[in-house]
Novice: 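Below are the structure tokens for one structure; questions will follow.
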Amino acid sequence: MDTVVRCELDSTAEVLKTVANTPGAIGYAELHSAEESAQKGNLQPVALDRRKPSIDAVRERSYPFWEPEYAYTYTSPPPNSLTSKFLDYLAGDTGRNLIEEHGRLPCAAAENQRACQLAAGGW
């Protein structure tokens with residue numbers, strides 16, 4: 001029987017490199033980076049219920065293994081502060097478009113809010 005090894009690495013790139021170089025390894029990474037590695041032939045995305053991971057599969061709730069990222073502040077940032085402006089940018093059209101261009105599901109977009117709400121409270 002093979003030994004099971006569990007490791008924690010400092011970056012997505014390290015996870016993907018380690019998984020690609022370790023026969024039988026399984027790792028968890030954000031979708032965009034994993035897709036880039038898969039295109040290079042280094043990795044194979046894991047299909048669940050015969051569905052490969054994709055933004056559309058998450059949006060349609062047919063790929064259940066995903067998690068939103070949250071932006072937290074200690075208190076509400078002061079109006080017109082750098083923090084407030086950054087959060088406004090993330091929720092605005094430019095920020096949402098940039099997030100989508102990088103293969104992520106922006107929860108601020110109306111079409112994604114149901115999937116994000118379900119993720120926050122469970123499926």
Side-chain angles (χ1 to χ4, degrees):
M1 182 170 148
D2 289 329
T3 303
V4 174
V5 177
R6 178 181 177 271
C7 64
E8 294 181 27
L9 301 167
D10 292 333
S11 69
T12 297
E14 284 296 311
V15 170
L16 295 171
K17 179 181 173 185
T18 301
V19 170
N21 293 324
T22 307
I26 297 175
Y28 176 77
E30 55 91 15
L31 181 61
H32 185 69
S33 295
E35 286 176 334
E36 285 180 347
S37 289
Q39 288 173 358
K40 294 176 188 173
N42 297 336
L43 300 170
Q44 178 65 39
V46 174
L48 299 175
D49 295 328
R50 295 184 293 271
R51 286 294 306 247
K52 289 199 176 192
S54 71
I55 294 297
D56 289 336
V58 169
R59 190 179 285 130
E60 296 162 4
R61 299 182 57 206
S62 61
Y63 194 86
F65 191 64
W66 77 287
E67 182 177 324
E69 291 188 37
Y70 296 96
Y72 292 100
T73 61
Y74 182 67
T75 61
S76 293
N80 296 317
S81 67
L82 184 59
T83 303
S84 176
K85 293 297 182 185
F86 179 67
L87 295 174
D88 290 344
Y89 170 78
L90 289 177
D93 289 340
T94 303
R96 286 195 314 250
N97 290 337
L98 184 62
I99 290 167
E100 281 188 5
E101 284 175 20
H102 287 276
R104 291 166 177 87
L105 186 76
C107 289
E111 65 272 15
N112 302 331
Q113 288 180 358
R114 175 126 172 93
C116 293
Q117 289 167 352
L118 290 169
W123 287 94

Novice: Would you name the heavy atoms of Ser54 and Arg51 that are closest together and state the gap between them?
Specialist: OG-NH2, 4.5 Å
Novice: Val19, Ile26: one ILVMFWY side-chain cluster at the under-4.5 Å cut-off?
Specialist: no
Novice: For the CD atom of Glu36 and the OG1 atom of Thr12, what is their distance to the nearest 0.5 Å?
Specialist: 11.0 Å
Novice: Please answer: with hydrophobic residues joined when any side-chain heavy atoms are less than 4.5 Å apart, are Phe86 and Ile99 in the same cluster?
Specialist: yes
Novice: Looking at every non-hydrogen atom in both residues, tell me the closest pair between Ala57 and Lys52 and how far apart they are.
Specialist: CB-O, 3.9 Å
Novice: How would you list all residue pairs meeting salt bridge (charged side-chain N to carboxylate O under 4.0 Å, His left out) that involve residues 11-33, not counting sequence neighbours?
Specialist: Glu30-Arg104
Novice: Return the minimal non-hydrogen interatomic distance between Pro53 and Val46, and the atom names on each side.
Specialist: CD-O, 3.4 Å
Novice: For Pro77, what residues pass the side-chain contact (heavy atoms from CB on, under 4.5 Å) criterion, not counting sequence neighbours?
Specialist: Thr73, Ser81, Thr83, Ser84, Leu87
Novice: Is there a chain of hydrophobic side chains (I, L, V, M, F, W, Y, each step under 4.5 Å between heavy atoms) that links Leu9 to Tyr28?
Specialist: no
Novice: How would you list, by chain and number, every residue that makes a ring pair (Phe, Tyr, Trp, His ring centres under 6.0 Å) with Tyr89, sequence neighbours excluded?
Specialist: none
Novice: So do Leu48 and Tyr63 actually touch side chain to side chain, heavy atoms under 4.5 Å?
Specialist: yes
Novice: Please indicate whether Asn21 has more than 12 foreign heavy atoms, meaning atoms of other residues, nucleotides or ligands, lying under 6.0 Å from its CG.
Specialist: yes
Novice: Can Leu31 be reached from Leu43 by stepping across I, L, V, M, F, W or Y side chains whose heavy atoms are under 4.5 Å apart?
Specialist: no
